[in-house]
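Order of the sequence lines sets the chain letters (A, B, ...), proteins ahead of strands, with each chain counted from 1.
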Number of protein chains: 2
Amino acid sequence: MSSLAYILMGLLKDEPLTGYELNKRFQYATQFFWTTDQSQIYRALSKMHERGWVEIEYVVQEENPNKKIYHLTPSGYEALRVWLATPLKPEASRSPYLAQIFYGGDLTAEELIGVLEARLKWQDPEREELEKRWAEVKDYPDTEITKAQFLRRLTLEYGVLWYRLQRDFLEDAIARIRAKWEDET
Amino acid sequence: MSSLAYILMGLLKDEPLTGYELNKRFQYATQFFWTTDQSQIYRALSKMHERGWVEIEYVVQEENPNKKIYHLTPSGYEALRVWLATPLKPEASRSPYLAQIFYGGDLTAEELIGVLEARLKWQDPEREELEKRWAEVKDYPDTEITKAQFLRRLTLEYGVLWYRLQRDFLEDAIARIRAKWEDET
DNA sequence: CCTTTATATATGCAATTACATATATAAACT
DNA sequence: AGTTTATATATGTAATTGCATATATAAAGG
């Protein structure tokens with residue numbers, strides 16, 4: 001099973017949820033370490049059910065479509081525990097925008113910078129969203145929160161650091177490319 | 001076409017190469033922004049040939065298997081240029097190890113730290129390799145190198161900054177998890 | 001002597017992915 | 001009046017992926 005199943009089980013560990021609700025969590029809770037499509041969530045839930053990792057509670061509704069609430073089973077929890085403690089092999093690196101810089105020697109400064117500005121433009125709102133969440137929790141000492149809260153905050157901190165690195169690098173790169181290209185002409 | 005074809009053309013822009021040689025470049029030149037499998041390179045080259053982006057020079061050898069040297073065509077170069085100047089949509093984030101931290105509240109400190117130490121162990125040699133390459137080029141002023149060298153160095157710099165962030169985060173996380181778990185017991 | 005490594009290209013395959021689309025009702029917006 | 005959004009689940013599909021394996025020769029290492 002791909003990581004997706006385990007990430008879903010991580011969410012189900014705290015509360016039973018429908019596929020629809022899990023999908024909504026994905027736009028918020030896990031978005032900086034895992035993104036996925038709605039269709040993948042339903043497919044993953046099917047496979048998890050086949051394996052007995054989740055049980056389905058069918059809920060008939062009148063105003064809205066019927067729904068299936070997924071409950072994590074003990075066997076699912078066990079599978080999650082094992083996965084959480086298993087060192088994973090390195091992920092594939094995939095940053096096509098770095099390739100665009102790497103090979104961009106023949107482009108104009110505007111073309112190159114256009115690519116980097118576009119990236120800044122979508123990354124910065126995401127960075128600000130994380131900064132906001134980080135500001136709310138950063139001041140509690142490690143000793144005054146639960147282990148789970150501590151770990152969630154730790155990943156949030158990583159997210160903030162990562163986005164700041166991206167922003168700093170992009171801003172620096174844009175300035176230096178501009179200077180370099182002006183110099184050469 | 002996926003980014004792979006363009007990254008291959010970026011390499012072919014400077015010199016015609018065989019699939020075998022391209023594969024070797026991938027373990028070095030591009031490894032921190034793109035990793036791939038040997039089989040993907042041959043498959044991508046086939047597709048690129050169908051599209052007329054590369055031409056094949058057949059070389060018969062006696063001591064070694066025959067080989068095909070791929071030359072970038074003007075139409076390939078043009079496709080590369082267009083891609084390089086096109087802002088790409090955000091890549092999917094995929095960091096399962098962050099998920100392991102995020103959901104790791106029920107694990108022991110040793111289990112959690114084991115995952116992080118394993119990651120440090122494979123990342124640190126890669127970081128050191130990049131640091132070494134960075135040390136060799138970092139002191140030339142931007143004005144004394146070509147645009148292409150400048151951009152290659154810029155991506156290398158990003159790679160170094162990224163690996164340092166990883167190391168700093170992992171070391172800090174390990175220390176804080178250890179402290180927190182000792183505290184709770 | 002046997003195994004591994006280097007040279008060189010290629011296919012089979014199952015898993016995973018993103019994107020589009022289907023179905024259905026109700027509310028809210030334009 | 002017509003469109004979009006929210007609720008809710010599901011399938012079709014082409015592309016891409018990593019891994020394994022096939023073929024073939026020569027050199028180097030154990």
Side-chain angles (χ1 to χ4, degrees), chain A residues 1-8 12 16-28 30-31 33-51 54 56-70 83 88-96 99, chain B residues 1-8 12 16-28 30-31 33-51 54 56-70 83 88-96 99:
Chain A
M1 288 291 272
S2 83
S3 301
L4 178 55
Y6 300 100
I7 292 170
L8 291 171
L12 293 177
L17 294 165
T18 64
Y20 187 79
E21 282 163 335
L22 282 163
N23 183 233
K24 281 199 285 184
R25 305 293 160 110
F26 262 79
Q27 351 245 261
Y28 177 76
T30 69
Q31 110 265 34
F33 61 78
W34 203 269
T35 50
T36 195
D37 190 71
Q38 170 261 126
S39 64
Q40 301 320 312
I41 292 174
Y42 286 101
R43 273 195 256 256
L45 286 169
S46 287
K47 283 193 200 163
M48 288 151 67
H49 188 237
E50 277 173 38
R51 278 172 208 235
V54 286
I56 301 175
E57 176 191 348
Y58 295 87
V59 177
V60 178
Q61 299 188 116
E62 272 152 37
E63 305 264 295
N64 283 319
N66 297 343
K67 62 184 179 182
K68 299 179 184 176
I69 303 177
Y70 288 86
W83 181 81
L88 304 171
K89 72 185 84 155
E91 311 95 61
S93 23
R94 220 137 267 179
S95 300
Chain B
M1 290 287 274
S2 84
S3 301
L4 178 55
Y6 300 99
I7 291 169
L8 291 171
L12 294 178
L17 293 164
T18 64
Y20 187 76
E21 282 163 334
L22 282 163
N23 183 234
K24 280 200 287 183
R25 305 292 161 111
F26 261 80
Q27 349 247 262
Y28 178 75
T30 68
Q31 110 266 35
F33 60 78
W34 203 269
T35 50
T36 195
D37 189 69
Q38 170 262 125
S39 64
Q40 302 318 314
I41 292 175
Y42 286 100
R43 273 194 259 256
L45 286 169
S46 287
K47 283 193 200 162
M48 289 152 69
H49 187 236
E50 277 174 36
R51 276 171 209 235
V54 286
I56 302 176
E57 176 191 348
Y58 294 88
V59 176
V60 178
Q61 298 188 120
E62 271 151 38
E63 305 262 297
N64 283 319
N66 298 342
K67 62 184 180 182
K68 300 180 183 176
I69 304 177
Y70 288 86
W83 181 80
L88 304 171
K89 71 186 83 154
E91 310 95 62
S93 24
R94 218 137 269 176
S95 301

If you assign each of A:D37 and A:P65 to its closest nucleotide in DNA chain D, which residue comes earlier from the 5' end?
A:P65

Those residues that, when tested against B:I56, pass side-chain contact (heavy atoms from CB on, under 4.5 Å) (two or more places apart):
B:H49, B:Y58, B:K68, B:Y70

Anything under 4.0 Å to a heavy atom of chain A counts; send over the first and last such nucleotide of DNA chain C, read 5' to 3'.
C:dT16 to C:dA26

Between B:E63 (CD) and D:dA28 (C1'), how many Å, whole number?
15 Å

For a quick check of understanding: with a heavy-atom distance under 4.0 Å over all strands, which category does A:Q38 fall into, base, sugar-phosphate or nothing?
base

Mind checking side chain to side chain donor-acceptor pair (under 3.5 Å) for A:R25 and listing every partner two or more places apart, or none if nothing turns up?
A:E15

Apply side chain to side chain donor-acceptor pair (under 3.5 Å) to B:Q38 and list each qualifying residue two or more places apart in sequence or on a separate chain.
none

Between A:T36 and B:N66, which is nearer to the 5' end of DNA chain C once each is assigned its nearest nucleotide?
B:N66

By ring pair (Phe, Tyr, Trp, His ring centres under 6.0 Å) - contacts of B:W34 (at least two apart)
none

Heavy-atom pair with the smallest gap, counting every atom of B:L8 and B:A44
CD1-CB, 3.7 Å

When you compare the side chain of B:W83 with that of B:L88, does any pair of heavy atoms fall below 4.5 Å?
yes

Taking only residues two or more places apart in sequence or in another chain, which ones pass side-chain contact (heavy atoms from CB on, under 4.5 Å) with A:D37?
A:S39, A:Q40

Residues passing the salt bridge (Lys or Arg N to Asp or Glu O under 4.0 Å) test with B:E91, sequence neighbours excluded, are A:R119

Those residues at least two apart in sequence (or on a different chain) that pass side-chain contact (heavy atoms from CB on, under 4.5 Å) with A:N64 are A:Q61

Estimate the overall bend of the helix from C:dC1-D:dG30 to C:dT30-D:dA1 from the end axes over five pairs each, rounded to 10 degrees.
30°

Quick one: A:K67 NZ to D:dA10 P, roughly how many Å, whole number?
14 Å

A:F33: what forms a ring pair (Phe, Tyr, Trp, His ring centres under 6.0 Å) with it, not counting sequence neighbours?
B:F102

Proximity to DNA chain C (any heavy atom under 4.0 Å), residues of residues 39-48 of chain B only:
B:S39, B:Y42, B:R43

Heavy-atom nearest nucleotide on DNA chain C taken for B:K89 and for B:Q61; more 5' hit belongs to B:Q61

Run the side chain to side chain donor-acceptor pair (under 3.5 Å) test against B:T18 and tell me which residues pass, sequence neighbours left out.
B:E21

